[in-house]
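As the structure is a prediction and not an experimental result, all values here were calculated from the model. Below, read A as the first sequence line, B as the second, and so on, with proteins coming before strands; counting in each chain starts at 1.
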2 protein chains.
Amino acid sequence: MGGEEKTSQVMPVPWQQVTPDAARRLVIAAVEEFAERGYHATTTRDLAGRAGMSPAALYIHYKTKEELLYQISSAGHRLVLRLLEDAASGEGTPVDRLAAAVRAFTRWHAEHHTMARVVQYELGALAKEHHAEIVDLRCRTDRVVRGIIQEGVDTGDFVVPDLAGATVAVMSLCIDVARWFGAERRRSPEEVGELYADLVLRMLRHAGPAHQ
Amino acid sequence: MGGEEKTSQVMPVPWQQVTPDAARRLVIAAVEEFAERGYHATTTRDLAGRAGMSPAALYIHYKTKEELLYQISSAGHRLVLRLLEDAASGEGTPVDRLAAAVRAFTRWHAEHHTMARVVQYELGALAKEHHAEIVDLRCRTDRVVRGIIQEGVDTGDFVVPDLAGATVAVMSLCIDVARWFGAERRRSPEEVGELYADLVLRMLRHAGPAHQ
DNA sequence: GCCCCACCTGAGCAAGCGCTTAGGGCGCAG
DNA sequence: CTGCGCCCTAAGCGCTTGCTCAGGTGGGGC
């Protein structure tokens, strides 16, 4: 029972390289279940059931339930970091690159909002050393975005009274997409990405007459 | 064990009217525990222990653990709704009133970030009829903010390509404060409120030379 | 035929869960 | 004093939890 879940594949999800097949089915089941009910409300029996196997089979592929969460969290954070680094090291002005970063970051949170929910809201359930590793990744993503904004300030394209505050606000705006996206069916991930890129530029650009 | 928690009281928290004292201690303990570990990871023994009583005493004051969550969620949502309605029905231009709304909404999420976390991130753990009631409250808060933005668009102060999208973005930005605030000690709730009011106005105002 | 190995299952263990029950102490009206 | 009601606790019930383990199945090399 439990038909195959169809997830949109516009951006790559790294589960293709997870083997054997049962392990992949488990990790996909875990993303859906953790996103829907939360890590602590999900039982190993739920996961095994959704992946089409007995509860005991889970422990052939993963040592603990927490390791499954860690795999998801780690893969998600690394993927997001790469996304932002690509945007940051791309061509164009800081304005262009911040827009690209926000577009990609937002779009990922919308398109993969189930995985994004696990990545962003289930950190607290990680074991201590796993948690520390993830926090380090998050600091790095923060630094990437702050770097682009700083460059924009240097060129005079951005005017921000508080660099750290603006960085937090920009990332916060994008991250929270994972929370509300899905309840509303009207907008596509691409549209939200465009809208947010525009809003963020409006937020940070100096409010002079030389608009676009 | 477990000293008295000191919560800043700049904005009123309605627990003063919760009686008897043990019931109030329980609800305060529940806010802290639910915010820190999440509803499902918190046990009734944790709550009773933090409130300084035996596990069984909880059930004298609340029928279930879920009812405790519901009391917190309901009180929080009603408080936030009133906060926004006050700002919306205040004096001044739509620009002034949106700034006031964002300032108050943001500040509440920062100042009471433990309660806000429960209010914003533990909805899914509510029983079905409680959940429906809370969702209704959330729709009303949404409508209040959308109303202010719409007025600003009518007066020509705001230029937004997508009213619903802009509303979601504005509220999203404020709500997410509950997630990250507390890790960073550098900013006060008032400062974040000011920063966010400024950023939101920049996001929505038409980008002409008639600035400020 | 044979064994090996990767993968899986049924049954179940110890611990912890939400919640209940029987009863105890204490303040107060009589 | 007695009697009553409120607030509380110790003990524990029935169930679910994360996880284990002995054993089974099926395909490939010999």
Side-chain angles (χ1 to χ4, degrees), chain A residues 1-2 4 15 17-73 118 122 124-131, chain B residues 1-2 15 17-34 36-73 118 122 124-131:
Chain A
M1 49 190 83
E4 299 127 334
W15 307 145
Q17 67 194 28
V18 174
T19 54
D21 186 67
R24 182 169 45 249
R25 267 157 35 221
L26 273 169
V27 86
I28 291 170
V31 168
E32 299 301 315
E33 292 281 320
F34 291 166
E36 198 174 314
R37 322 187 210 222
Y39 174 80
H40 289 293
T42 303
T43 71
T44 55
R45 285 161 180 84
D46 290 335
L47 297 175
R50 201 193 251 252
M53 64 189 74
S54 77
L58 190 150
Y59 293 91
I60 296 161
H61 305 287
Y62 299 95
K63 269 188 304 201
T64 62
K65 187 174 92 161
E66 190 270 345
E67 200 205 321
L68 210 31
L69 174 65
Y70 169 66
Q71 295 296 342
I72 296 165
S73 198
V118 180
E122 304 291 335
L126 288 166
K128 207 160 63 180
E129 61 274 22
H130 288 162
H131 182 80
Chain B
M1 56 193 84
W15 308 145
Q17 67 195 24
V18 175
T19 53
D21 184 69
R24 179 169 48 250
R25 264 157 35 220
L26 274 170
V27 83
I28 291 171
V31 168
E32 298 301 315
E33 292 281 320
F34 291 167
E36 197 174 313
R37 318 187 214 229
Y39 174 81
H40 289 292
T42 303
T43 72
T44 54
R45 286 162 180 83
D46 290 335
L47 297 174
R50 201 195 252 252
M53 66 189 73
S54 77
L58 190 152
Y59 293 91
I60 296 160
H61 305 286
Y62 299 95
K63 270 190 303 206
T64 62
K65 188 176 93 163
E66 190 270 346
E67 200 205 320
L68 210 31
L69 174 65
Y70 169 65
Q71 295 296 342
I72 296 166
S73 198
V118 180
E122 303 293 335
L126 288 165
K128 209 160 63 181
E129 60 273 20
H130 289 162
H131 183 80

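B:Lys65 places its NZ atom 9 Å from the P atom of C:dC17, with the value rounded to the nearest Å. The interatomic distance linking A:Glu33 (CD) with D:dT17 (P) rounds to 12 Å, in whole Å. At whole-Å resolution of the value, CG in B:Leu26 and C1' in C:dG18 are 15 Å apart. In this structure, CG of B:Leu47 is placed 13 Å from C1' of C:dC19, rounded to the nearest angstrom. Between the C1' atom of C:dT21 and the CG atom of B:Leu58 lies a distance of 16 Å, rounded to the nearest Å. Nucleotide C:dT20 holds its P atom 17 Å from the OH atom of B:Tyr62, rounded to whole Å. Remark: P of C:dG18 and CD of B:Glu66 are 13 Å apart, rounded to the nearest angstrom. Note: CG (A:Asp21) to C1' (C:dC8) measures 14 Å, nearest angstrom.
Remark on DNA chain D: of its neighbouring residues B:Ile60 and A:Ala41, the 5'-side contact belongs to B:Ile60, judged by nearest-heavy-atom nucleotide. If you find the closest nucleotide of DNA chain D to B:Pro20 and to A:Thr64, the one lying nearer the 5' end belongs to B:Pro20. Between A:Arg45 and A:Met53, the residue whose closest nucleotide on DNA chain C is further toward the 5' end is A:Met53.
Listed pair A:Tyr59 / D:dC19 meets the phosphate criterion, a side-chain N or O lying under 4.0 Å from OP1 or OP2. In this structure, A:His61 reaches the C:dC8 phosphate: one of its side-chain N or O atoms is under 4.0 Å from OP1 or OP2. The side chain of A:Thr44 places an N or O atom within less than 4.0 Å of a non-bridging phosphate oxygen (OP1 or OP2) of D:dG18.
The side chain of B:Pro55 has C:dC19 as its nearest neighbour among C:dC19, D:dC21, C:dC8.
For A:Arg37 (side chain) and A:Thr42 (main-chain N/O), no donor-acceptor pair under 3.5 Å exists by modelled atom type. Between the A:Arg45 side chain and the A:Pro55 main chain, no donor and acceptor come within less than 3.5 Å of each other.
The shortest side-chain heavy-atom distance between B:Thr64 and B:Tyr70 does not fall under the 4.5 Å cut-off.
Between B:Arg50 and B:Asp46 there is no salt bridge, since none of the side-chain N atoms of the basic residue sits less than 4.0 Å from a carboxylate O of the acidic one.
What you find for A:Tyr39 and A:Ala125 is that their closest heavy atoms are CD2-CB, 3.4 Å.
Backbone-only contact: B:Thr43 has heavy atoms under 4.0 Å from sugar-phosphate atoms and none from a base.
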